[in-house]
Amino acid sequence: MSMPFYVAPEQLMKDRADYARKGIARGRALIGAVWEGGIIIVAENPSRSLHKLSEIYDRIAFGGVGKYNEFDQLRVAGIRHADLKGYAYAREDVDARSLANLYAQYLGTVFTHEMKPLEVEILVAELGNGHRESQLFQILYDGTVMDEREFAVLGGDADAIAERFRALYDASGPRERLLQSARDALSGQRPPIGADDLEVVVLEDRGERRCFRRLEVDEVREALGDQPEGSA
């Protein structure tokens with residue numbers, strides 16, 4: 001009779017964490033940052049149809065890195081949760097903290113009990129108002145939640161990108177400067193990433209209920225001071 005194969009729980013968790021981290025690191029990164037005018041999220045994403053960044057609710061945005069099909073399922077679940085809570089109670093009761101907790105519970109359960117962890121990290125950003133400050137919640141593959149007040153970097157070589165962005169970050173400057181800083185941090189030693197390969201969204205209070213806005217390529221190009229392709 002053969003003996004059952006035994007793996008220590010510590011080794012099992014380490015192997016799962018290594019697997020998830022490697023999958024996430026292979027993807028392109030994103031940066032979410034708070035500035036005086038709101039929140040900006042910048043992702044390196046050459047696709048025009050598969051979005052990493054999207055709206056969840058009135059003042060809440062979502063960003064995901066890693067496997068697209070996995071974080072897109074989380075995006076859809078977040079929208080349904082927010083819609084249901086807003087309908088059952090009030091729109092003001094929908095907040096990023098409860099959404100981050102929901103994601104953390106789900107990711108933690110999958111990491112602990114399923115054979116394969118989700119290869120994703122997600123960002124939940126909420127624009128502040130008179131009662132709440134702007135907040136960024138970074139949720140890791142194992143359900144760990146990090147509350148960031150200034151900026152968060154997910155995916156790719158996150159530590160190196162965060163170090164570059166920290167040196168450039170200025171919350172009191174204009175949005176265009178913050179976008180330029182995010183592009184420079186994401187580019188690193190490579191040539192600057194073109195506007196066509198950037199996905200940029202902002203959360204800004206414009207006196208309307210919805211604060212989410214996706215910047216068009218031309219708007220990103222103008223903010224970065226880039227010339228349109230073929231114009232040189």
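The shown structure was predicted, so the numbers you read here are calculated from the model rather than taken from an experiment. Numbering starts at 1 and runs along the sequence shown.
In this structure, Asp226 pairs ionically with Arg183, as a charged nitrogen and a carboxylate oxygen lie closer than 4.0 Å. Using a cut-off of 4.0 Å between Lys/Arg side-chain N and Asp/Glu carboxylate O, Asp196 and Arg221 are scored as salt-bridged. Checked for salt-bridge contact, Arg59 and Asp95 miss the test: no charged N lies under 4.0 Å from a carboxylate O. In summary, Asp184 and Arg164 do not engage in a salt bridge, as defined by a charged side-chain N under 4.0 Å from a carboxylate O. Remark: Arg190 engages Glu44 in a salt bridge, criterion side-chain N to carboxylate O under 4.0 Å. A salt bridge links Asp18 with Lys14: the distance from a Lys NZ or Arg NE/NH1/NH2 to an Asp or Glu carboxylate oxygen falls below 4.0 Å. Using a 4.0 Å cut-off between charged side-chain N and carboxylate O, Asp58 and Arg91 make a salt bridge. Looking at Arg21 and Glu119, no side-chain N of the basic residue comes within less than 4.0 Å of a carboxylate O on the acidic one, giving no salt bridge. Of the charged side-chain nitrogens involved, at least one lies within less than 4.0 Å of a carboxylate oxygen, so that Arg175 and Glu219 count as a salt-bridged pair. With respect to Asp147 and Arg149, a salt bridge is recorded, a charged nitrogen being found less than 4.0 Å from a carboxylate O.
Judged purely by atom type and a 3.5 angstrom limit, Thr109 uses its side chain to pair as donor or acceptor with the backbone of Gln105. Formation of a donor-acceptor pair under 3.5 Å by the Lys52 side chain with backbone atoms of Arg28 is found in this model. Checked by atom type and distance alone, the side chain of Ser134 never pairs as donor or acceptor with a backbone atom of Leu127 at under 3.5 Å. Listed for the Glu126 side chain is no donor-acceptor partner under 3.5 Å among the backbone atoms of Arg97.
Crowding of Glu176 atom CD: a count of heavy atoms from other residues, nucleotides or ligands under 6.0 Å exceeding 12. For Glu163, the CD atom counts as loosely surrounded, since its 6.0 Å shell holds 12 or fewer non-hydrogen atoms of other residues, nucleotides or ligands.
Note: Phe165 and Tyr169 have tilted aromatic rings, judged against thresholds of 30 and 60 degrees for the angle between ring planes.
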